[in-house]
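Hydrogens, waters and symmetry mates are skipped; everything else that's a heavy atom, side chains included, is used. Just so you know, these numbers come straight off a predicted model, no measurement behind them. Chain naming here is simple, since letters A, B, ... match the order of the sequence lines and numbering starts at 1 in each.
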There are 2 protein chains.
Amino acid sequence: MKPIYVTIIEDHDDFREGLNHVLQFTEGFSCVDAFYSVEEALPRLQDSDVILLDIHLPGRSGIESIGSIKQKLPTSKIIMLTVFDDDDHVFKAIMAGADGYILKKTPPAQVLTAIQDAAQGGTPMTPYVARKVLDLFKKYAPTPSKEHDLTERELEILGQLVQGLDTIELAEKLFISRETVRNHIKHIYEKLHVHSRSQAVAKALKEGIA
Amino acid sequence: MKPIYVTIIEDHDDFREGLNHVLQFTEGFSCVDAFYSVEEALPRLQDSDVILLDIHLPGRSGIESIGSIKQKLPTSKIIMLTVFDDDDHVFKAIMAGADGYILKKTPPAQVLTAIQDAAQGGTPMTPYVARKVLDLFKKYAPTPSKEHDLTERELEILGQLVQGLDTIELAEKLFISRETVRNHIKHIYEKLHVHSRSQAVAKALKEGIA
DNA sequence: GACAAAATGACTCAAACGGGTTATAGAAAA
DNA sequence: TTTTCTATAACCCGTTTGAGTCATTTTGTC
């Protein structure tokens with residue numbers, strides 16, 4: 001069976017070489033390269049199944065480099081290595097499209113499992129990091145509150161309001177009179193208990209209606 | 001050392017009893033109770049470190065029950081058991097405050113690890129589920145795009161627009177003339193490249209400006 | 001002190017908006 | 001069958017808004 005090809009980018013020599021050895025001597029894994037910085041790695045990057053990337057690196061940080069690496073090797077999965085959890089960094093790494101987040105203190109056996117998980121399309125996460133991610137998630141996700149009770153048509157129109165259309169544009173887009181549009185909007189206001197377009201738009205976005 | 005006390009709520013007999021036995025015969029774990037439904041469990045729930053809760057249950061579903069269980073046992077950690085990933089259910093479970101999500105096909109050894117992780121405040125997640133969560137996250141999180149270049153005052157006013165204030169309310173709140181407010185708003189429009197309040201509000205919310 | 005940004009304020013004007021009321025046709029529910 | 005709900009449409013009225021131009025003061029920087 002083909003081994004999983006792994007590239008390491010990590011400035012801490014001991015950790016990098018330790019990982020390197022584990023990978024070399026474990027059946028089913030193969031370490032393609034091991035770099036100490038992104039600057040060194042980028043021009044020489046070879047196709048890998050998984051890239052282990054330190055989140056804190058001298059020079060270009062791991063987070064900033066996710067994009068460049070993904071561009072060069074679009075199919076490779078990137079697992080971030082972090083020393084401790086840092087809400088802001090975790091958030092940025094997620095948005096940049098990393099495929100896993102594990103603490104450096106994770107025992108080698110679990111690192112190997114994580115590499116396998118990532119190679120298979122999962123997103124391995126240290127439970128401690130996962131907790132941070134979910135807390136962030138709850139903070140940012142829309143909180144669908146009460147029933148809005150909007151009809152199909154009203155939802156459609158609210159959606160267009162969020163897109164920024166005005167009454168006339170909406171009327172033309174839906175092939176109805178502007179008066180009808182105004183009527184629907186009035187009903188939306190009543191049902192959402194708001195009194196202006198911007199309030200309706202804000203409510204729609206905050207509660208994930210549109 | 002005190003064992004980790006676990007309660008199981010799962011309608012599938014084989015799975016429930018299997019887990020029960022594993023917990024009984026593993027050092028460091030103790031199964032407090034094993035129920036086949038939330039209705040049966042709720043009145044008889046005893047304090048536990050971790051509760052394993054099936055996401056699909058006859059009668060009251062696991063998700064709907066998270067709230068009731070958390071209310072009765074606020075310090076217990078709840079790990080959801082899922083057969084397959086279902087974006088919508090995972091999302092709801094997260095918002096309801098579950099502390100872990102693992103697939104039922106997870107091998108017993110890893111279930112035990114997950115129980116330990118949850119007991120220690122982490123959020124163990126099967127990598128496959130974690131992938132779904134992160135995809136959802138990216139979908140809902142604001143995507144800070146370009147520079148908006150707004151001044152302090154303009155940001156303040158944009159924030160109030162998002163809250164739904166109209167020009168006059170804003171003027172009164174900030175102790176300035178309504179004409180000044182309108183001027184600021186005009187500048188905001190120019191900088192955000194929009195032409196109406198609702199567009200400005202939508203942009204502010206989508207890009208996390210306000 | 002000179003200069004550039006901000007913040008403040010005022011004026012105009014047409015267009016859009018929010019709030020009412022009313023009406024009709026068709027679909028769905030009672 | 002009658003009633004309710006939905007989508008459609010029109011009209012009125014007063015207010016707000018968006019866009020433009022201009023002016024003053026404050027603030028920060030060179």
Side-chain angles (χ1 to χ4, degrees), chain A residues 142-210, chain B residues 64 88 142-210:
Chain A
T143 54
S145 53
K146 326 135 209 177
E147 299 307 316
H148 37 269
D149 197 36
L150 298 177
T151 68
E152 270 304 306
R153 196 58 154 173
E154 285 159 0
L155 276 176
E156 185 181 8
I157 284 172
L158 181 53
Q160 297 299 318
L161 289 186
V162 170
Q163 298 306 312
L165 299 202
D166 67 18
T167 308
I168 297 171
E169 290 169 327
L170 242 163
E172 285 168 358
K173 184 157 190 174
L174 300 183
F175 305 108
I176 56 179
S177 137
R178 72 186 62 178
E179 289 304 321
T180 305
V181 173
R182 281 161 53 75
N183 249 315
H184 286 304
I185 292 178
K186 283 176 210 174
H187 292 145
I188 293 172
Y189 290 176
E190 283 172 19
K191 291 179 179 178
L192 295 187
H193 308 295
V194 298
H195 305 280
S196 75
R197 274 165 149 75
S198 27
Q199 287 177 343
V201 167
K203 199 149 190 169
L205 285 171
K206 284 177 187 166
E207 302 187 3
I209 299 174
Chain B
E64 298 164 34
D88 198 43
T143 55
S145 54
K146 329 141 204 172
E147 298 308 317
H148 35 270
D149 198 34
L150 298 177
T151 68
E152 271 303 307
R153 195 58 154 173
E154 286 160 359
L155 276 177
E156 184 181 9
I157 285 173
L158 181 53
Q160 297 299 318
L161 289 186
V162 170
Q163 299 306 314
L165 299 203
D166 67 18
T167 307
I168 298 171
E169 291 169 326
L170 241 163
E172 285 167 358
K173 184 157 189 173
L174 301 183
F175 304 107
I176 54 180
S177 136
R178 71 186 62 180
E179 289 306 322
T180 305
V181 173
R182 301 185 64 202
N183 253 316
H184 285 304
I185 292 177
K186 282 176 211 171
H187 292 145
I188 293 172
Y189 290 174
E190 282 172 20
K191 291 179 179 177
L192 295 187
H193 308 294
V194 298
H195 305 279
S196 75
R197 274 166 148 74
S198 28
Q199 287 177 345
V201 168
K203 198 150 190 168
L205 285 171
K206 284 177 187 165
E207 302 187 0
I209 299 174

*Between B:T151 and C:dA7, does any side-chain N or O lie under 4.0 Å from OP1 or OP2?*
yes

*Look at the side-chain N and O atoms of A:R178 and state whether any lies under 4.0 Å from the OP1 or OP2 oxygen of D:dA9.*
no

*Please tell me which of B:N183 and A:I168 maps to the more 5' nucleotide of DNA chain C, matching each residue to the nucleotide holding its nearest heavy atom.*
B:N183

*Proximity to the side chain of A:Y189 - top-ranked nucleotide from D:dA19, C:dG19, D:dA7*: C:dG19

*asked:* Is it the case that C:dG18 (base atoms only) and A:R182 (side chain only) share a donor and an acceptor within less than 3.5 Å, ignoring hydrogens and angles?
replied: yes

*Taking only N and O in the side chain of A:S177, is any of them less than 4.0 Å away from OP1 or OP2 of D:dA10?*
yes

*Over all atoms of both residues, closest heavy-atom pair of B:S196 and B:Y189*: C-OH, 3.3 Å

_Smallest separation among heavy atoms of A:D149 and A:K191, with atom names_ = O-NZ, 3.3 Å

_Heavy atoms from C-beta onward define the side chain here; which of D:dA9, C:dG18, D:dG20 lies closest to that of B:K186?_
D:dG20

_Minimum-distance nucleotide (side-chain atoms of A:K191 versus C:dC17, D:dT6, C:dA7)_ = D:dT6

*Can you figure out which of C:dC17, C:dT8, D:dT8 approaches the side chain of A:R197 most closely?*
C:dC17

*Consider the side chain of A:R153, meaning its heavy atoms from C-beta on, and name the nucleotide among D:dT8, C:dG19, C:dA6 that approaches it most closely.*
D:dT8

